[in-house]
2 protein chains.
Amino acid sequence: MLKEDSLSVTQDCGDCPIRHRAVCARCETDELERLENIKYYRRFEAGQTVIWSGDRMDFVGSVVSGIATLTQTMEDGRTQMVGLLLPSDFVGRPGRPTAAYDVVATTDMVMCCFRKAPFEDLMERTPHIAQRLLQMTLDELDAAREWMLVLGRKTAREKIASLLSIIARRDATLNLGGLDGPVTFDLPLTREAMADYLGLTLETVSRQVSALKKDGIIQLEGKRHITVPDMTLLLEEAGDDTDGGMLV
Amino acid sequence: MLKEDSLSVTQDCGDCPIRHRAVCARCETDELERLENIKYYRRFEAGQTVIWSGDRMDFVGSVVSGIATLTQTMEDGRTQMVGLLLPSDFVGRPGRPTAAYDVVATTDMVMCCFRKAPFEDLMERTPHIAQRLLQMTLDELDAAREWMLVLGRKTAREKIASLLSIIARRDATLNLGGLDGPVTFDLPLTREAMADYLGLTLETVSRQVSALKKDGIIQLEGKRHITVPDMTLLLEEAGDDTDGGMLV
DNA sequence: GATCAACTTTGATACAGATCAAGACCGGAA
DNA sequence: TTCCGGTCTTGATCTGTATCAAAGTTGATC
């Protein structure tokens with residue numbers, strides 16, 4: 001089974017993205033077996049906390065379905081989301097005993113977990129796992145840096161447009177591709193969560209979403225269901241370069 | 001030579017941090033030799049551009065001395081610094097042909113470079129290099145996420161204090177330790193570069209630096225030489241948790 | 001020692017987004 | 001059906017930072 005170094009998320013084996021992301025055909029079959037042996041699933045409900053910052057964390061894993069957020073909070077309560085975990089994203093850090101961020105499920109979610117110690121052992125003996133994780137981590141780093149530009153230099157309207165673009169893009173590539181025609185998706189975040197991701201207040205988020213709607217850049221059905229008639233218009237609002245350079 | 005898996009930067013072999021960072025005693029000696037063979041040095045003057053975003057990049061490397069910045073620029077000129085490269089920091093991305101950011105030397109700088117293709121070959125055959133790079137990249141990712149909190153949720157004054165803390169800390173650990181007594185260092189950045197890092201204007205940076213000086217949190221000698229009489233006061237201004245959790 | 005360019009500081013004013021406040025909407029429970 | 005809590009929208013006002021403008025400082029060069 002699994003004889004290609006595939007980057008895609010759900011082909012063949014629908015249950016466990018990490019197998020596609022972290023291992024490849026060059027790994028020995030019995031290493032795959034071992035990975036299989038230390039794997040287990042955890043199920044979370046919307047709103048449930050996966051782990052608190054500072055807590056002991058004895059597993060790593062990846063999101064199978066649903067969405068989680070990575071957030072940091074200051075003593076006075078100011079909150080910044082530092083990552084949005086969509087299906088296939090990796091969670092946890094080999095070589096560190098405690099969690100650095102709060103991880104919260106924002107929708108019902110399933111994670112595929114590996115006990116950390118055996119996973120680290122395995123990583124030690126299976127070079128391509130570390131190489132695969134390195135690529136994934138570099139991608140996350142690029143995404144984080146992309147987000148630094150959003151947080152530091154973009155206006156509220158541009159921030160909203162950037163966030164919607166990212167969600168639309170991820171949604172489109174995970175499900176039925178095509179960013180050419182109209183794109184439709186459900187917002188997996190509350191206005192407050194969007195605000196925490198964008199470094200804004202929830203009122204500002206609400207106002208800017210309304211403004212984008214009024215200007216015809218997006219269509220709203222209810223509060224969460226969004227249609228983007230023309231993605232290029234949205235990307236223009238986001239202030240991005242016209243190429244498809246955006247990550248996440 | 002080099003018989004420990006050392007994380008420190010300049011012991012034993014003063015000329016090339018990457019040897020300490022990316023390799024370790026478990027690697028074969030002849031792999032070390034090969035690493036040695038594909039290595040070369042490049043020297044940059046203050047203000048010189050190492051590479052432009054989008055350009056072909058056929059090397060990876062690390063900073064030996066001096067400081068460089070990683071920046072992103074929007075079409076209209078808005079600029080966000082997404083990384084500060086201090087001695088021992090790694091530059092470049094194995095597995096990607098072009099640079100994703102502008103890299104500019106802000107002081108005279110020396111880099112130790114490796115041609116990318118041979119380096120990737122070597123990485124393929126020497127597992128601990130990928131493992132080492134993974135750890136370094138995870139550290140960078142944490143630093144980027146820490147910075148997202150700064151950009152998204154901190155006030156101008158807190159931003160300045162955060163930046164000064166990071167520079168003071170890096171300076172202290174690279175040179176003569178001790179964050180207990182007063183800490184003295186030279187700012188390696190112009191007010192404009194600080195602004196680009198913090199998502200502010202240079203005028204605001206100037207005002208807030210003056211304010212911190214007036215309040216006795218820092219002392220200024222000339223425009224660039226800074227003394228922090230009491231680091232705990234500065235960290236308080238930065239709004240950080242009291243523990244030493246800050247990264248970079 | 002004078003000149004010049006780059007960098008920095010300081011002041012006056014404008015504005016984007018925060019804050020405070022009030023309702024509107026919507027789904028679930030009784 | 002009504003109530004209720006959570007979520008979202010909208011309005012009025014305030015404020016931190018940007019913007020525009022001018023002058024001060026420093027160090028290099030002639």
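To find a chain, count down the sequence lines: A is the first, B the second, and so on, and within it residues start at 1. Note: hydrogens, waters and symmetry copies are ignored here, and every other heavy atom, side chains too, is used.
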Which protein N or O atoms sit under 3.5 Å from an N or O of nucleotides 21-29 of chain C?
none

Rounded to the nearest 0.5 Å, how far apart are [atom1] of [X] and [atom2] of [Y]?
{"X": "B/Thr71", "Y": "B/Trp52", "atom1": "OG1", "atom2": "CH2", "answer": "8.0 Å"}
{"X": "A/Phe90", "Y": "A/Glu140", "atom1": "CZ", "atom2": "CD", "answer": "9.0 Å"}
{"X": "A/Thr232", "Y": "A/Asp240", "atom1": "OG1", "atom2": "CG", "answer": "12.5 Å"}
{"X": "A/Thr69", "Y": "A/Tyr101", "atom1": "OG1", "atom2": "OH", "answer": "13.0 Å"}
{"X": "A/Thr137", "Y": "A/Asp142", "atom1": "OG1", "atom2": "CG", "answer": "11.0 Å"}

Open item on the list: Which residues pass the side-chain contact (heavy atoms from CB on, under 4.5 Å) test with A/Ser53, not counting sequence neighbours?
Closed with: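 Counting only residues at least two positions away or on another chain, A/Ser53 forms a side-chain contact (heavy atoms from CB on, under 4.5 Å) with A/Asp102.
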TODO: Applying side-chain contact (heavy atoms from CB on, under 4.5 Å), name anything that partners A/Ala100, two or more places apart in sequence or on another chain.
DONE: A/Arg96
Task: Pair A/Arg43-A/Asp108, salt bridge (charged side-chain N to carboxylate O under 4.0 Å, His left out): steps then yes or no - done: CA-CA 8 Å; A/Arg43 213 161 293 274; A/Asp108 289 351; over 6 Å; no
TODO: Starting from the C-alpha separation in whole Å, work towards a yes-or-no answer on side chain to side chain contact (heavy atoms under 4.5 Å, CB included) for B/Leu198 and B/Trp147.
DONE: CA-CA 9 Å; B/Leu198 297 167; B/Trp147 210 246; 3.5 Å; yes
- [ ] Taking only the side-chain nitrogens and oxygens of A/Arg207, find out if one of them lies under 4.0 Å from OP1 or OP2 of D/dC8.
- [x]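 So the side chain of A/Arg207 is outside the cut-off, no N or O lying under 4.0 Å from OP1 or OP2 of D/dC8.
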TODO: Using a cut-off of strictly less than 4.0 Å, decide whether A/Arg224 has a side-chain nitrogen or oxygen near OP1 or OP2 of D/dC8.
DONE: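 The answer is yes; a side-chain N or O of A/Arg224 sits under 4.0 Å from OP1 or OP2.
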Atom pair distance, as rounded to whole Å: [atom1] in [X] and [atom2] in [N]:
{"X": "B/Leu220", "N": "C/dT9", "atom1": "CG", "atom2": "C1'", "answer": "12 Å"}
{"X": "B/Glu192", "N": "D/dA18", "atom1": "CD", "atom2": "P", "answer": "13 Å"}
{"X": "A/Asp76", "N": "C/dT19", "atom1": "CG", "atom2": "P", "answer": "11 Å"}
{"X": "B/Leu189", "N": "C/dT8", "atom1": "CG", "atom2": "P", "answer": "10 Å"}
{"X": "B/Ile160", "N": "C/dT9", "atom1": "CD1", "atom2": "P", "answer": "10 Å"}
{"X": "B/His225", "N": "C/dT8", "atom1": "NE2", "atom2": "P", "answer": "16 Å"}
{"X": "B/Asp196", "N": "C/dC7", "atom1": "CG", "atom2": "P", "answer": "13 Å"}
{"X": "B/Arg78", "N": "D/dA18", "atom1": "CZ", "atom2": "P", "answer": "13 Å"}

Scan nucleotides 14-17 of chain D against the protein and return all N/O pairs shorter than 3.5 Å with their distances rounded to 0.1 Å.
from, atom 1, to, atom 2, distance (Å)
D/dT17, OP1, B/Ala156, N, 2.9

TODO: Locate the shortest heavy-atom distance separating A/Ala193 from A/Met81; write the atom from each residue and the value.
DONE: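 Residues A/Ala193 and A/Met81, closest heavy atoms: O-CE, 3.2 Å.
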Give the table of side-chain donor-acceptor pairs shorter than 3.5 Å for residues 202-221 of chain B, with sequence neighbours excluded, one pair per line with atom names and distance.
from, atom 1, to, atom 2, distance (Å)
B/Thr204, OG1, B/Thr201, OG1, 3.1
B/Ser210, OG, B/Ser206, O, 3.0
B/Asp215, OD2, B/Arg157, NH2, 2.3

Open item on the list: Strictly distance-based, threshold 3.5 Å: is any side-chain N or O of A/Arg78 a donor or acceptor partner for the main-chain N or O of B/Arg153?
Closed with: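 Side chain of A/Arg78 to backbone of B/Arg153: a pair is present.
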Task: Along DNA chain D (nearest heavy atom to each residue), the more 5'-positioned of A/Arg153 and A/Leu202 - done: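 The residue mapped nearer the 5' terminus is A/Leu202.
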Task: Inter-axis angle, terminal five-pair segments of the helix from C/dG1-D/dC30 to C/dA30-D/dT1 [nearest 10°] - done: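 The value is 30°.
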- [ ] Kindly point out which of D/dC8, D/dA12, C/dT9 is positioned nearest to the side chain of A/Thr190?
- [x] D/dC8
